[in-house]
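Take a look at the structure below.
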Amino acid sequence: MDGDSVPQTHKSFWKLCGGIVERFREPATWWNNQNEVLTVDATRVGIADVLTDYAWLWEDAGLEVSISPDEYYAVAIEVNGNLTLAHRDDGRLLLFAPDHAFTDVAPLAGSPPYSLLTIDDVPDLATWIEMCAAAWRHHR
């Protein structure tokens with residue numbers, strides 16, 4: 001992935017760490033059960049392809065996909081295939097989670113449940129990183 005197509009927050013993270021792929025005894029955060037977090041490999045997931053594969057979610061609800069897939073990239077890949085997405089320009093954060101049991105999420109306007117979601121109190125990539133990092137700092 002071209003580093004120019006990710007927000008400055010992600011570029012700054014890469015200066016410190018290349019991403020997270022394996023951990024154990026972790027605190028409860030949005031990074032739980034993720035195979036890839038903030039890695040270059042995660043950024044290579046084709047968001048347009050994934051949303052095309054799941055277009056039926058919107059079609060069944062009489063809706064159209066409410067984002068431009070090219071404006072987003074994956075920052076995390078969950079074990080079950082759910083994706084955490086960040087907007088390339090402003091870092092706005094979304095979940096694509098057709099298989100989830102989260103409680104602190106809401107469907108993005110124009111999206112059915114179990115598709116594109118916002119996370120309560122986590123509007124962007126910087127907040128997501130800081131929230132998860134804080135949990136690790138305070139974890140014993």
Side-chain angles (χ1 to χ4, degrees):
M1 157 154 276
D2 179 0
D4 290 337
S5 60
V6 300
Q8 186 58 47
T9 299
H10 201 154
K11 291 178 195 176
S12 295
F13 185 88
W14 279 341
K15 287 180 183 177
L16 301 172
C17 175
I20 301 164
V21 294
E22 188 174 330
R23 65 241 171 255
F24 60 96
R25 289 197 259 170
E26 62 190 295
T29 71
W30 288 104
W31 294 351
N32 285 10
N33 299 317
Q34 305 291 326
N35 284 342
E36 301 272 343
V37 176
L38 298 164
T39 63
V40 171
D41 283 347
T43 67
R44 293 182 177 136
V45 170
I47 304 306
D49 294 337
V50 171
L51 294 182
T52 297
D53 289 346
Y54 282 89
W56 60 270
L57 289 169
W58 284 267
E59 292 166 3
D60 287 357
L63 301 168
E64 292 185 19
V65 175
S66 55
I67 65 167
S68 173
D70 293 338
E71 293 179 3
Y72 288 85
Y73 72 101
V75 294
I77 304 169
E78 192 173 346
V79 173
N80 64 1
N82 292 338
L83 301 173
T84 305
L85 310 176
H87 193 275
R88 293 183 187 283
D89 294 332
D90 61 16
R92 179 180 175 205
L93 204 70
L94 296 175
L95 287 177
F96 175 68
D99 179 20
H100 80 84
F102 300 123
T103 56
D104 298 331
V105 298
L108 178 68
S111 293
Y114 297 94
S115 64
L116 290 170
L117 309 165
T118 59
I119 303 173
D120 299 348
D121 302 319
V122 186
D124 57 34
L125 182 62
T127 304
W128 184 72
I129 291 171
E130 288 299 326
M131 177 182 280
C132 294
W136 275 94
R137 282 192 300 270
H138 301 298
H139 180 63
R140 294 177 193 254

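Just so you know, residue 1 is the first one in the sequence shown, and it goes up from there.
A chain of hydrophobic side-chain contacts below 4.5 Å, direct or via other Ile, Leu, Val, Met, Phe, Trp or Tyr residues, connects L117 to L93. Neither L116 nor Y114 shares a network with the other; the hydrophobic side chains, linked directly or stepwise wherever heavy atoms of I, L, V, M, F, W or Y lie under 4.5 Å apart, form separate groups for each. Hydrophobic clustering (ILVMFWY, side-chain heavy atoms < 4.5 Å, transitive): V79 and V37 are in distinct clusters. Under the 4.5 Å side-chain heavy-atom criterion for Ile, Leu, Val, Met, Phe, Trp and Tyr, L108 and L51 are members of the same hydrophobic cluster.
Listed for the E78 side chain is no donor-acceptor partner under 3.5 Å among the backbone atoms of Q34. With hydrogens and angles ignored, the 3.5 Å screen pairs no side-chain donor or acceptor of T39 with any backbone N or O of E36. Using modelled atom types, one side-chain atom of R88 and one backbone atom of D70 make a donor-acceptor pair closer than 3.5 Å. The backbone N or O of D99 lies less than 3.5 Å from a partner atom in the side chain of N82, making a donor-acceptor pair. Distance alone, capped at 3.5 Å, places no donor-acceptor pair between the S111 side chain and the P107 backbone.
Remark: D121 CG to M131 CE distance equals 6.5 Å, nearest 0.5 Å. Here L57 contributes atom CG and L63 contributes atom CG; the two are 10.5 Å apart, rounded to the nearest 0.5 Å. Between the CD1 atom of I119 and the CH2 atom of W30 there is a distance of 4.5 Å, given to the nearest 0.5 Å.
With a 4.5 Å cut-off on side-chain heavy atoms, V75 and L125 count as touching. No side-chain heavy atom of W128 sits less than 4.5 Å from a side-chain heavy atom of T29. Two residues are said to be in side-chain contact when any heavy atoms from C-beta on lie closer than 4.5 Å; L95 and V105 meet this criterion. Side-chain contact between L38 and I129 is present, with heavy atoms from C-beta onward closer than 4.5 Å. Counting heavy atoms from C-beta outward, I67 and L94 have side chains that approach closer than 4.5 Å. In this structure, the side chains of Y54 and S115 stay at 4.5 Å or more apart for every pair of heavy atoms. Side-chain contact between L83 and I47: present, with at least one pair of heavy atoms (C-beta onward) separated by less than 4.5 Å. The closest side-chain heavy-atom distance from I77 to V45 is below 4.5 Å.
Here F96 and Y72 keep their ring centres 6.0 angstrom or further from each other.
Inspection of the D124 and T127 side chains reveals an N or O donor paired with an N or O acceptor under 3.5 Å.
The two residues P112 and A61 make their nearest non-hydrogen contact at CB-CB, 4.1 Å. In terms of heavy-atom proximity, A74 sits nearest to A42 at CB-O, 3.3 Å.
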